[in-house]
Protein chains: 2
Amino acid sequence: MEGPSVATAEITRQSVVPELDLDDLDSVLGLHIGTVNTLFVSRLEKRLDPLSVTPKQVAILWLVNANPGVKQTDLSRFFQIERPTVHQFVRQLIKNGFLINEPSKLDRRAGGLWLTDEGREVLTKSRQAIAEHEEQLTTALTAREKSELFRILMKLYLSAPAKD
Amino acid sequence: MEGPSVATAEITRQSVVPELDLDDLDSVLGLHIGTVNTLFVSRLEKRLDPLSVTPKQVAILWLVNANPGVKQTDLSRFFQIERPTVHQFVRQLIKNGFLINEPSKLDRRAGGLWLTDEGREVLTKSRQAIAEHEEQLTTALTAREKSELFRILMKLYLSAPAKD
DNA sequence: TATTGTTATACTCTATAACTATA
DNA sequence: TATAGTTATAGAGTATAACAATA
């Protein structure tokens with residue numbers, strides 16, 4: 001799996017820039033998470049560009065589609081981002097005609113979000129783009145590595161001590 | 001390890017917001033990488049705030065310290081970010097008195113970067129802050145999970161198809 | 001008082017385009 | 001022509017503070 005029957009070759013970022021002394025910077029987990037995140041986000045942004053949506057906007061469309069009438073507060077809780085941050089995505093999506101905001105009749109503070117026909121079309125195409133993108137970036141991983149990665153990331157996320 | 005001797009409980013993001021239909025959004029790897037990245041970055045930013053540096057600025061200081069006289073181009077290659085992006089961090093670090101830029105005598109196009117005494121102090125304190133931060137966020141992981149995470153992230157990074 | 005949404009503002013990280021100076 | 005650095009500008013994603021409307 002890892003090559004010939006010698007000691008497993010350790011592949012590190014050192015091999016990418018051999019002339020630099022990394023001084024153990026590559027033992028910082030956050031660095032690698034950040035690098036891989038940038039890789040995923042920037043590639044996906046390019047794929048989604050023709051559809052005039054960003055990765056986070058698609059995630060919002062995705063959940064609104066599956067939960068018609070959902071409130072911004074619910075999205076804020078799911079993504080663990082602040083309400084004004086959610087609102088910014090929602091505002092852009094409404095401006096671009098992918099989403100509408102219908103005030104709730106039960107609680108007039110809250111709005112309910114729905115996709116437009118155009119929003120549904122964009123979501124369908126975006127899901128296809130995401131599927132191709134994820135397939136492309138994870139072909140090197142075995143099925144077991146993929147599921148381990150999901151499991152470990154989830155464990156990190158769920159075990160994080162509360163803010164403050 | 002995972003609880004009583006029943007089928008391993010699957011812990012997902014669904015359990016965080018039970019009332020939402022996720023419609024398989026949680027099968028998108030990029031979402032989890034992004035969430036964990038935000039977790040790491042935002043926590044570290046708060047820890048570094050008293051030192052007046054950001055996570056990326058510390059990474060720059062770290063490499064300049066280990067490679068006195070390094071060029072911005074080398075940093076650009078290591079971090080896989082564009083030269084103007086590196087320059088922005090460098091400019092801020094110089095402005096804050098943590099870095100100096102001494103033009104090379106061999107190639108007057110290039111500058112060489114060095115830490116100031118204050119930069120060295122901030123780096124030392126930042127490394128301590130990062131060590132505590134990483135320890136705090138990864139305590140839930142076993143040693144094997146940690147090394148698997150490093151290995152899989154590195155594999156993703158190194159196997160990524162070239163841009164375009 | 002508490003919740004929902006909104007507006008204004010700002011910060012971090014990233015990019016592209018276009019420029020200067022040097023090799 | 002190619003490389004190193006710089007400047008200007010922009011965009012994605014995030015936050016906090018303060019406010020209005022509603023419950």
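Just so we're on the same page: letters track the sequence lines, and every chain starts at 1.
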Please give, in whole Å, the distance from [N] [atom2] to [X] [atom1]?
X	N	atom1	atom2	result
A/E82	D/dA17	CD	C1'	12 Å
A/L48	D/dG13	CG	C1'	15 Å
A/Q57	D/dG11	CD	C1'	11 Å
B/H87	D/dA8	NE2	P	10 Å
B/L99	D/dG5	CG	P	12 Å
B/Q88	D/dG11	CD	P	15 Å
B/R83	D/dT6	CZ	C1'	9 Å
B/E45	D/dT16	CD	P	11 Å

Mind checking [X] for me? I need base, sugar-phosphate or nothing, with any heavy atom below 4.0 Å counting as a touch.
X	value
A/P55	sugar-phosphate
B/S104	nothing
B/T38	sugar-phosphate

By nearest-nucleotide position on DNA chain D, the 5'-leaning member of A/F89 and A/K105 is A/F89

Closest to the 5' end of DNA chain D, once B/N101 and A/R109 are matched to their nearest nucleotides, is B/N101

Comparing A/S42 with A/R77, nearest DNA chain C nucleotide closer to 5' gives the residue A/R77

Check whether the side chain of A/T85 and the base of D/dA15 form a donor-acceptor pair under 3.5 Å.
yes

| Going by modelled atom types, is there a donor-acceptor pair between the base of D/dT22 and the side chain of A/R108 at under 3.5 Å? | no

May I ask you to check whether [X] and [Y] show a side-chain donor-acceptor distance below 3.5 Å?
X	Y	answer
A/Q72	A/R77	no
B/E132	B/Q128	yes
A/S126	A/R47	no

Footprint ends on DNA chain C, 5' to 3', for atoms under 4.0 angstrom from a heavy atom of chain B, come out as C/dT12 to C/dA23

| query | Any ion pair linking B/D24 and A/R127 (charged N to carboxylate O, less than 4.0 Å)? | reply | no

**Item:** salt_bridge(A/R120, A/D117) N-O dist < 4.0 Å
**Value:** yes

Taken in chain and number order and not counting sequence neighbours, the residues that satisfy salt bridge (Lys or Arg N to Asp or Glu O under 4.0 Å) with B/R108 are none

Here the residues of residues 65-72 of chain B within 4.0 Å heavy-atom distance, strictly under, of DNA chain D are B/K71, B/Q72

Below 4.0 Å: OP1/OP2 of D/dG5 and any side-chain N or O of B/T73: yes

Exercise for review: For D/dT14, take OP1 and OP2 only and decide whether either is under 4.0 Å from a side-chain N or O of A/K56.
Suggested key: yes

- Query: Within the side chain of A/Q14, is there an N or O that forms a donor-acceptor pair under 3.5 Å with the backbone of A/L20?
  - Reply: yes

Result for side-chain contact (heavy atoms from CB on, under 4.5 Å) between A/F89 and one of A/I81, A/L99, A/L75 points to A/I81

Practice problem: Go through the steps for A/F150 and B/H32 under the test ring-ring contact (aromatic ring centres under 6.0 Å, His included), then give the verdict. | Solution: CA-CA 8 Å; A/F150 269 91; B/H32 300 289; 5.3 Å; yes

Heavy-atom closest pair (B/F78 atom, A/R13 atom, distance to 0.1 Å) is O-NH2, 3.0 Å

